[in-house]
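Report on one structure; see the data block that follows.
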Amino acid sequence: MTHATANIFKSMQDMQFETTISHQCGVTMNDSVEARVIAEVMGEKPGITVTYMPAMIRLDGEGKMEFKMGEISEALGRPMTPHLFEISTSTHYGRMVMVDDDTVVLFGNMEDALLYE
């Protein structure tokens, strides 16, 4: 299984600050068995960037990221629930919504997330 890896981090000299609104979203996870499986599954999806660091794994996307617990469970070899998924994620940016018992969606566009309020 191959997956896209990249490093989203830049040095300060390469940073360009903008006043526009980003529609990006993402999660940072402590490196663990669960985090590696989540990264492998999500890395197969278009538009997802996976960045491996010494003790963390970062997933970044544009617009929205859909985490299907069934896909993750199958790859992990044991059940993954939305609640266990939240424990696996150290932090996130964007709006995280549990849309059903199998799906957690992370929205980069807050207006899209409001449909689930």
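Hydrogens, waters and symmetry mates are skipped; everything else that's a heavy atom, side chains included, is used. As the structure is a computational prediction, the values presented were derived from the model and not from experiment. All residue numbers in this chain count up from 1 along the given sequence.
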Item checked: side chain to side chain contact (heavy atoms under 4.5 Å, CB included) partners of Glu74, counting only residues at least two apart -> none
Margin query: For Val99, give me all partners under side chain to side chain contact (heavy atoms under 4.5 Å, CB included), at least two apart in sequence or on another chain.
Written below: Val97, Thr103, Val105, Tyr116
At what distance, to the nearest 0.5 angstrom, does [atom1] of [X] lie from [atom2] of [Y]?
X     : Y     : atom1 : atom2 : answer
Ser32 : Ile57 : OG    : CD1   : 7.0 Å
Ile87 : Asn30 : CD1   : CG    : 12.5 Å
Cys25 : Met96 : SG    : CE    : 9.5 Å

Next item on the list: Specify the closest pair of heavy atoms between Ala35 and Met29, including all atoms of both residues, with the distance to one decimal.
Entry: O-CE, 3.6 Å
Check the hydrophobic clustering (I, L, V, M, F, W, Y; side-chain heavy atoms under 4.5 Å; chains of links allowed) and say if [X] and [Y] are grouped together.
X      : Y      : result
Val104 : Leu114 : no
Val41  : Val33  : yes
Phe107 : Leu59  : no

[Y] and [X], any side-chain heavy atoms less than 4.5 Å apart:
X     : Y     : answer
Ile38 : Arg36 : no
Thr91 : Val27 : no
Lys64 : His23 : no

Notebook entry, point to check: Just by distance, with hydrogens left out, do Tyr93 and Asp60 show a side-chain donor and acceptor under 3.5 Å apart?
Noted result: yes
Notebook entry, point to check: Under 6.0 Å from the CG atom of Asp101, do we count more than 12 heavy atoms belonging to anything else shown?
Noted result: no
Margin query: Could you check whether Arg78 pairs with Glu34 (Lys NZ or Arg NE/NH1/NH2 to Asp/Glu carboxylate O, under 4.0 Å)?
Written below: yes
Next item on the list: Take Met56 and Asp31 through the test side chain to side chain contact (heavy atoms under 4.5 Å, CB included) and record every step on the way to the result.
Entry: CA-CA 5 Å; Met56 294 184 297; Asp31 193 355; 6.0 Å; no
Next item on the list: Any chance you could lay out the side chain to side chain contact (heavy atoms under 4.5 Å, CB included) test for Met80 and Ser88, step after step, and finish with the verdict?
Entry: CA-CA 10 Å; Met80 173 61 74; Ser88 296; 4.2 Å; yes
Note to self: Could you check whether any side-chain N or O of Asp102 sits under 3.5 Å from a backbone N or O of Gly70, counting only pairs where one atom can act as donor and the other as acceptor?
What the structure shows: yes
Checklist line | Met65 vs Ile48, side chain to side chain contact (heavy atoms under 4.5 Å, CB included): CA-CA, chis, key distance, verdict | finding: CA-CA 8 Å; Met65 298 172 67; Ile48 305 294; 3.7 Å; yes
